[in-house]
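The next block holds one structure in the form of structure tokens; read it before the comments.
Throughout, residue positions are numbered sequentially from 1 according to the sequence presented. Note that these values count all heavy atoms, side chains included, but never hydrogens, waters or copies made by symmetry.
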Amino acid sequence: MTGPGPELDAFVERYVAVWNEPDAAARRRMIEALWTPDGANFTKSNEWRGHKALEARVRGAHERWVRDGGCLFRTRSADSHHSAVRLVWEMVSTGRGQVVSVGMEVMLLARDGRIRGGA
């Protein structure tokens, strides 16, 4: 990916969809399609590496914020430069439509277009 366009739009749509997906089996397939086997996700205090850890990460966020919290994740903005993607997301209350949280992800992509592990 080298910048805005349909390829970036499709990628961020799939990325955000995995966090909203209620079906565990579908979520697992989406994780395998989005991340390489050694792919990673990071927060300020934690990191998750590999499909099993990523599945636990996404499941936990889904259960806390979507299933039990009444929120949905959506894209606020995204851009890319070569093999890096920066995504700004927002979590929105489904009842009031109010933005509850905003965050940013920076992802490094492998040659096959999936998210790889970082440094």
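Judged by distance alone, with hydrogens and angles left aside, the side-chain atoms of Arg114 form a donor-acceptor pair with the main-chain N or O of Glu32 at under 3.5 Å. Between the side chain of Thr75 and the main chain of Trp89, no donor-acceptor pair closer than 3.5 Å is present. A donor-acceptor pair is defined here as one N or O able to donate and one able to accept, closer than 3.5 Å; no such pair exists between the side chain of Asn20 and the backbone of Leu72. Side-chain atoms of Ser83 never come within 3.5 Å of backbone atoms of Leu108 as a donor-acceptor pair (strictly under, hydrogens ignored). Here the side chain of His51 pairs no donor or acceptor atom with the backbone of Gly39 at under 3.5 angstrom. Arg74 places no side-chain N or O within donor-acceptor distance of the main-chain N or O of Glu90, the cut-off being under 3.5 Å. In this structure, the side chain of Trp35 does not engage the main chain of Arg116 through any donor-acceptor pair within 3.5 Å.
Note on Val92: it does not cluster hydrophobically with Val12, by side-chain heavy-atom contacts below 4.5 Å among ILVMFWY residues. Both Val100 and Phe73 belong to a common hydrophobic cluster when Ile, Leu, Val, Met, Phe, Trp and Tyr are linked at side-chain heavy-atom distances under 4.5 angstrom.
When side chains are defined from C-beta on, Trp19 counts as touching Val58, because their heavy atoms get closer than 4.5 Å. Contact of the Asn46 side chain with the Trp48 side chain is registered, since non-hydrogen atoms from C-beta on lie closer than 4.5 Å. The shortest distance between side-chain heavy atoms of Asn41 and Met107 does not fall below 4.5 Å. Looking only at side-chain heavy atoms (C-beta outward), Val106 and Met104 come within less than 4.5 Å of each other. Residues Arg67 and Pro22 are not in side-chain contact: their nearest non-hydrogen atoms beyond the backbone lie 4.5 Å or more apart. Within the 4.5 Å cutoff, the side chain of Asp23 has heavy atoms near those of the Glu21 side chain.
Put simply, OH on Tyr15 and CG on Leu87 are 7.0 Å apart, with the number rounded to the nearest 0.5 Å. Of the inter-residue distances, the one linking Leu109 atom CG with Ser80 atom OG reads 8.0 Å to the nearest 0.5 angstrom. To the nearest 0.5 Å, atom CG of residue Leu54 and atom CZ of residue Arg59 are 11.5 Å apart. Here CG of Asp38 is found 12.0 Å from CD1 of Ile115. Values are rounded to the nearest 0.5 Å. If you take CZ on Arg64 and SG on Cys71, they are separated by 10.5 Å, rounding to the nearest 0.5 Å. Atoms OG1 and CZ, on Thr36 and Arg49 in that order, are 10.0 Å from each other to the nearest 0.5 Å.
Remark: Arg57 does not engage Glu55 in a salt bridge, criterion side-chain N to carboxylate O under 4.0 Å.
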- request: Assess whether side chain to side chain contact (heavy atoms under 4.5 Å, CB included) is satisfied between Val18 and His62, documenting all intermediate values.
  value: CA-CA 9 Å; Val18 74; His62 175 81; over 6 Å; no

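At most 12 non-hydrogen atoms from other residues, nucleotides or ligands lie less than 6.0 angstrom from CD of Glu13.
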